[in-house]
Each structure stands twice: as structure tokens, then as C-alpha cells.
> 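Starting off with a structure, shown below.
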Amino acid sequence: MLLMKLDTDKQEIHQFSLQQSTTLAQAYADHLARNFEAIDQIALHVKYEWELSKGTLKLDTARARGLFPSSELVLVAIADSKGNTLTSTVPIDRPVNIADREHFKAHMYNSQDTLYISKVLTGRLSGRPVIQFSRKLTRPDGGFDGVVVVSVEPAFLALSFEFSSLGQNGLLAAVGDDATVRVSRVGKIVPSHQYPP
């Protein structure tokens with residue numbers, strides 16, 4: 001009788017844990033969807049302003065006027081069709097080229113303008129681990145004119161999510177279609193890793 005009760009209790013605890021995990025996963029997925037939409041809105045706004053200004057937009061001036069998030073965890077930049085960074089929300093003190101980056105090539109070789117989300121890599125402007133959200137820039141004739149890149153530190157996507165039942169040892173992670181972990185969090189800690197250049 002005691003063993004049956006223990007087995008029943010174990011099954012109930014297991015079922016409750018599965019329900020809690022499902023609820024948490026759905027809440028985090030919704031949170032990420034809202035964040036991704038907000039980041040994409042930044043990219044689309046910059047794309048529109050860049051094309052409207054015929055390539056004269058200065059992102060550092062726009063940031064100084066409060067048009068971008070003040071968080072140091074978010075950086076916006078524009079690169080031309082050769083991958084040279086032209087303007088950024090942070091000062092550019094040296095030539096920075098991103099022509100070899102996967103997110104640049106994805107837009108250069110794709111006729112569609114869709115949001116591209118990179119793996120975690122080391123940002124060439126910030127020198128820190130970032131996820132790069134990018135959109136294609138086009139010339140008036142429809143040709144490739146470069147990319148707008150919104151670089152977001154993984155901590156921005158992990159720490160902005162508050163869920164009290166995560167607990168001190170609870171694991172939260174976002175994994176891409178390619179099975180690569182984009183961001184993870186254990187309790188309130190976002191593990192720091194070394195990422196490829």
C-alpha cells in the first residue's frame with residue numbers, strides 16, 4: 001500500500017513538473033517573440049531611414065537624440081555592399097568589415113528581405129558576444145546595398161525575462177533551428193562562454 005502511494009505521488013509530481021515546464025517554455029517563447037519583433041522594428045526603422053536619407057543617416061547622432069535603446073546590450077550599425085561599416089550607435093575608431101560574416105552573405109545572396117538571426121559570435125565593434133539581427137538594404141533599382149545590423153548581447157534576451165518559478169537552479173535556453181544554443185540562463189546567471197570570432 002505504501003509503495004503504491006509513493007508511486008502515485010511520484011507520478012503526480014512528475015506530471016506537475018511537466019505542466020510547469022510547459023508553461024514556462026511557452027511564456028519564454030512569447031517573451032522572445034516580443035523581443036524579436038521589437039528588435040526587427042528597430043532594423044526596419046533604420047532600413048527605412050537609411051533609404052529615405054539616401055545613405056546619409058548618422059546612427060550616433062540618432063542615438064544621442066534618444067532614438068535607440070540606451071542599453072549597452074544593444075548596438076545598431078550599417079554596412080555597405082562591400083561589408084564596410086559606415087555608421088553605428090557607438091563610435092567607429094577603426095575600419096570594420098563584415099563581408100565574411102554569415103548574416104551579411106545571407107542578405108547578399110538572397111533576393112528576399114527577411115530578418116536574419118545569427119548564432120552567438122563576437123561583435124567586431126563591441127568585442128563582446130552578441131546575436132546579430134539583420135536586414136537587407138536595397139538600392140532604388142532593387143540591388144543589394146548592404147545590411148543594417150542590430151547586435152544584442154545574449155544577456156539582454158535572458159535577463160529581461162523574470163519568472164519566479166525558474167528557481168535558483170532552473171535552466172532556460174533558446175535554441176535555433178540549427179540546434180545551436182543562442183542564449184541560456186541558470187537561475188539568474190547567464191553563463192559566459194567564449195564564442196568564435
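Bear in mind that the values here come from a model prediction, so they are computed numbers and not experimental data. Start at 1 with the first residue, then count along the sequence.
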> Would you call Gln132 and Ile98 a side-chain contact if the rule is heavy atoms closer than 4.5 Å?
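No. Closest side-chain heavy atoms not under 4.5 Å.
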
> Donor-acceptor pairs under 3.5 angstrom involving side-chain atoms of residues 36-45: please list them, not counting sequence neighbours.
unit_1 : atom_1 : unit_2 : atom_2 : d
Asp40  : OD1    : Arg135 : NE     : 2.9
Asp40  : OD1    : Arg135 : NH2    : 3.3
Asp40  : OD2    : Arg135 : NH2    : 2.8

> Are side-chain heavy atoms of Arg63 and Val76 found at a separation under 4.5 Å?
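No, too far: nothing below the 4.5 Å cut-off.
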
> I'd like to know whether Lys82 forms a salt bridge (Lys or Arg N to Asp or Glu O under 4.0 Å) with Asp80, so could you lay out the CA-CA distance, the side-chain angles of the two residues, the decisive distance to 0.1 Å, and finally the verdict.
CA-CA 5 Å; Lys82 293 184 175 16; Asp80 67 15; over 6 Å; no

> With sequence neighbours left out, what residues match Thr56 under side chain to side chain contact (heavy atoms under 4.5 Å, CB included)?
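Partners of Thr56 by the side chain to side chain contact (heavy atoms under 4.5 Å, CB included) criterion, ordered by chain and then number, come out as Ser53.
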
> Quick one: CG on Leu59 to OG1 on Thr87, what's the gap to the nearest 0.5 Å?
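Taking CG in Leu59 and OG1 in Thr87, the distance rounds to 4.0 Å.
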
> Give the table of side-chain donor-acceptor pairs shorter than 3.5 Å for residues 109-117, with sequence neighbours excluded, one pair per line with atom names and distance.
unit_1 : atom_1 : unit_2 : atom_2 : d
Asn110 : OD1    : Gln112 : N      : 2.9
Asp113 : OD1    : Lys136 : N      : 3.1
Tyr116 : OH     : Glu102 : OE2    : 2.4

> So do Val130 and Leu75 actually touch side chain to side chain, heavy atoms under 4.5 Å?
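They are not in side-chain contact.
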
> Say you draw a straight line from OG of Ser88 to CG of Asp60; how long is it, rounded to the nearest 0.5 Å?
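Going from OG on Ser88 over to CG on Asp60, the span is 8.0 Å.
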
> Out of curiosity, His103 NE2 to Ser151 OG, how far, rounded to the nearest 0.5 Å?
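Between His103 NE2 and Ser151 OG, I get 6.5 Å after rounding to 0.5 Å.
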
> Measure the CG-CZ distance between Asn97 and Phe104 for me, rounded to the nearest 0.5 Å.
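The CZ atom of Phe104 is 7.5 Å from CG of Asn97, to the nearest 0.5 Å.
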
> Would you please test Trp50 and Val148 for side chain to side chain contact (heavy atoms under 4.5 Å, CB included) and show each step?
CA-CA 9 Å; Trp50 179 259; Val148 55; over 6 Å; no

> Between His107 (side chain) and Ser134 (backbone), is there a donor-acceptor pair under 3.5 Å?
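Looks like yes, one N/O pair under 3.5 Å.
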
> Quick check: does any side chain N or O of Glu51 sit under 3.5 Å from a backbone N or O of Thr138, one acting as donor and the other as acceptor?
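Present.
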
> Quick check: does any side chain N or O of Thr85 sit under 3.5 Å from a backbone N or O of Val96, one acting as donor and the other as acceptor?
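Looks like yes, one N/O pair under 3.5 Å.
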
> From Leu57 CG over to Leu52 CG, what is the distance, rounded to the nearest 0.5 angstrom?
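If I round to the nearest 0.5 Å, the distance is 9.5 Å.
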
> For Pro95, is there any backbone N or O sitting under 3.5 Å from a side-chain donor or acceptor partner on Asn84?
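No.
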
